[in-house]
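Here the structure comes first, spelled out in structure tokens, and everything after it is commentary.
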Amino acid sequence: MAGLLSQGLTSSEQAEQLRRRLGYDLPLFQQYLHYLGRLLRGDLGVSLYSGQPVSELIGAALPSTIALAGASLLIAIPLGALLGGVAGWGSLPTFRRLAGTLASLFTSLPVSATGVIGLLILGRLAGSDPPSSQTGLWLPAAVLGSAASGPFARAVQAGLQSTRRSPFILAARARGLRQNGRLIWHAARPTLPAIASLLAVEAAFLFAGTVVTETVFSRPGLGRTLVRSILQGDFPIAQAIVGLAALIYVATQVIADGLARSADPRLRERT
Amino acid sequence: MRLARLWLGIVVALALLAPWLAQNGPRDPVASALAAPARGLPFGADALGRDFLARMLVGTRLSLGLAGLAAAIAIGAGGAAGFAGAMLGSTADRLWLWTTNVLLSIPSLLLAMLLVAAWGPGIPAVVAAVGIGGAPVFSRVTRTVVLQLLGAGYVAAARAAGGGRLWTSLRHVLPNALPQLAPLAGTQFGWAFLGTTTLTFLGLAGDPALPEWGAMLNAGRVTLVSAPRLVLIPALAICLTILSVHALTAPSEIENTAR
């Protein structure tokens with residue numbers, strides 16, 4: 001607030017007026033109650049910077065972020081399954097090791113570094129400086145998706161490795177199940193609940209990842225709006241976006257629990 | 001493993017020796033803008049003509065230092081709260097559980113961003129926010145370890161012998177919990193390093209000229225194609241450090257891969 005005042009508003013009278021209008025002269029506790037009350041009525045407040053309603057700003061930024069997160073997930077799931085499948089089930093040790101290494105690299109490398117390097121390669125190909133902000137959807141999605149595929153791959157790999165030598169696979173083999181594809185499915189089923197609960201972690205990762213990816217590629221979206229609002233001291237926006245992220249995160253966790261339960265009958269019996 | 005240890009050793013040594021190794025100030029313009037690498041300027045100059053090697057060297061100290069401080073906050077605050085919750089039990093424990101549940105419902109990095117939003121951008125805000133963002137997870141683990149130890153026979157024996165709650169916890173539980181928690185401190189440092197460099201990359205340190213790897217990676221984006229070294233060098237440094245920390249703190253994972 002003080003920062004905003006020093007930036008734009010000159011008279012302390014105006015500042016006092018604004019304070020009163022926004023309810024910032026009330027005790028913190030009362031401010032919080034007012035905020036909760038407005039929240040219940042679906043009112044997220046207004047931007048301190050532009051005066052636009054926060055819900056409008058979020059609505060404008062949301063589609064681009066959802067497109068990015070969705071495209072990343074579309075890349076992450078097949079890529080993770082492939083890497084994990086090869087690492088946990090592949091017949092050639094070289095390929096197994098390669099897939100495993102790739103999976104750990106994807107898990108560890110920060111999106112900021114890989115994103116900038118991806119942008120550099122693209123810029124080199126196009127030969128322009130600085131690269132245009134219109135990089136399309138797929139490069140950012142590839143960067144974010146490959147990073148998100150790492151944990152998937154690890155879970156699939158660990159699951160396949162642990163079931164690979166288990167008695168029920170031996171039994172299936174003995175019954176004459178030879179096709180590799182069906183045998184993999186047989187081995188993969190017990191790991192499905194673990195992978196389903198990973199979904200929630202992935203949701204958290206994707207949301208934090210979109211913040212970085214949108215900054216790297218100068219894409220409009222919730223993440224960039226969040227960063228800008230933090231730099232401008234526009235707390236209502238930051239609060240609403242983080243709150244929305246937490247809501248999505250908790251919802252994904254509930255969904256993931258449900259998925260895990262439907263994939264594993266043992267979980268259903270226990271509850 | 002050996003490479004990871006070597007890299008971290010070099011980086012820590014550079015961080016300690018940075019002020020003596022850097023020949024120019026990290027904020028002083030000493031050459032023309034984007035000057036190519038030359039004798040005396042091995043990494044060349046950045047867009048404002050500052051010695052890039054000097055910036056990287058000072059950046060080593062800042063990047064590792066900020067991450068270390070953030071990790072220390074997470075371990076100190078999270079560990080202490082988890083330890084106290086588990087030892088005290090009843091209401092304190094329930095209050096603790098409730099708090100961590102709320103904090104854990106927000107992904108750590110976003111929690112850190114929300115805190116920076118509340119405090120305003122700046123280096124102290126970034127460090128404290130990443131520390132608090134990482135604290136709930138460490139707190140949970142601490143509590144689990146302590147609860148397991150409380151079931152051990154020697155703790156019951158110490159209590160039966162008349163040891164008070166505080167004495168038992170400091171003399172018997174704490175020394176046995178520390179070795180189990182020590183490896184997790186490394187993991188926490190890796191997370192803190194990722195968190196601080198990400199927040200500084202986003203510009204949340206509030207100073208675009210900050211000689212810190214994340215901020216430098218961001219600053220280099222402007223001259224991405226004409227001077228790619230300004231991006232590649234900090235990106236490489238960040239990646240190598242994170243990979244090394246991961247290789248040392250999760251050896252089982254790497255062994256799995258190698259098999």
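Convention: sequence-line order gives letters A, B, ...; per-chain numbering from 1.
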**Asked** Just wondering, do A:T213 and A:R219 contact through their side chains at under 4.5 Å, heavy atoms?
**Response** no

**Message:** Tell me whether the rings of B:F43 and B:F52 are parallel (<30°), tilted (30 to 60°) or perpendicular (>60°).
**Reply:** tilted

**Asked** Can you find a pair of side-chain heavy atoms, one from B:E212 and one from B:P234, that are under 4.5 Å apart?
**Response** no

**Item:** Contacting region of B:I106 [heavy-atom separation from chain A under 4.5 Å]
**Value:** both

**Message:** Report which part of B:L110 has an atom under 4.5 Å of a heavy atom belonging to chain A: side chain, backbone, both, or neither.
**Reply:** both

**Request:** Could you have a look at A:L105, A:V116, A:L109 and say which one has the most heavy-atom pairs with chain B under 4.5 angstrom?
**Result:** A:V116

**Asked** Could you go step by step and tell me if B:S108 and B:W191 meet the side chain to side chain donor-acceptor pair (under 3.5 Å) rule?
**Response** CA-CA 10 Å; B:S108 317; B:W191 189 85; 4.9 Å; no

**Item:** Contact class of B:L232 relative to chain A, heavy atoms under 4.5 angstrom
**Value:** side chain

**Asked** Side chain, backbone, both or neither: which part of A:L226 has an atom under 4.5 Å from a heavy atom of chain B?
**Response** side chain

**Prompt:** Looking just at side-chain N and O atoms, do A:R154 and A:T107 make a donor-acceptor pair shorter than 3.5 Å?
**Reply:** no

**Prompt:** So which part of A:V216 gets closer than 4.5 Å to some heavy atom of chain B, the side chain, the backbone, both or neither?
**Reply:** both

**Asked** Do the side-chain N and O atoms of B:S139 and B:W96 include a donor-acceptor pair separated by under 3.5 angstrom?
**Response** yes

**Message:** I'd like to know which of B:N218, B:L236, B:L204 tops the heavy-atom pair count under 4.5 Å against chain A.
**Reply:** B:L204

**Asked** A:A208, A:A103, A:S112: which one forms the most heavy-atom pairs within less than 4.5 Å of chain B?
**Response** A:S112

**Prompt:** Given the rule in the side chain to side chain contact (heavy atoms under 4.5 Å, CB included) test, do B:L8 and B:R5 qualify, once you have shown the distances and angles that lead to the verdict?
**Reply:** CA-CA 5 Å; B:L8 285 184; B:R5 234 174 252 146; over 6 Å; no

**Fill in**
Which of A:L144, A:L139, A:V212 passes side-chain contact (heavy atoms from CB on, under 4.5 Å) with A:F217? It is A:L139

**Item:** Residue part contacting chain A, namely of B:I242, when any heavy atom lies under 4.5 Å
**Value:** side chain

**Item:** Within-4.5 Å side-chain heavy-atom neighbours: B:R229 and B:D46
**Value:** no

**chain A contact via B:L114 - side chain, backbone, both or neither, heavy atoms under 4.5 Å** = both

**Fill in**
Okay, A:A238 and chain B: the region with an atom under 4.5 Å from a heavy atom over there is both

**Prompt:** What option among A:L247, A:V211, A:I237 has the most heavy-atom pairs under 4.5 Å with chain B?
**Reply:** A:V211

**Pick from A:S108, A:A113, A:A158 with the largest number of heavy-atom pairs that fall under 4.5 Å of chain B** = A:S108

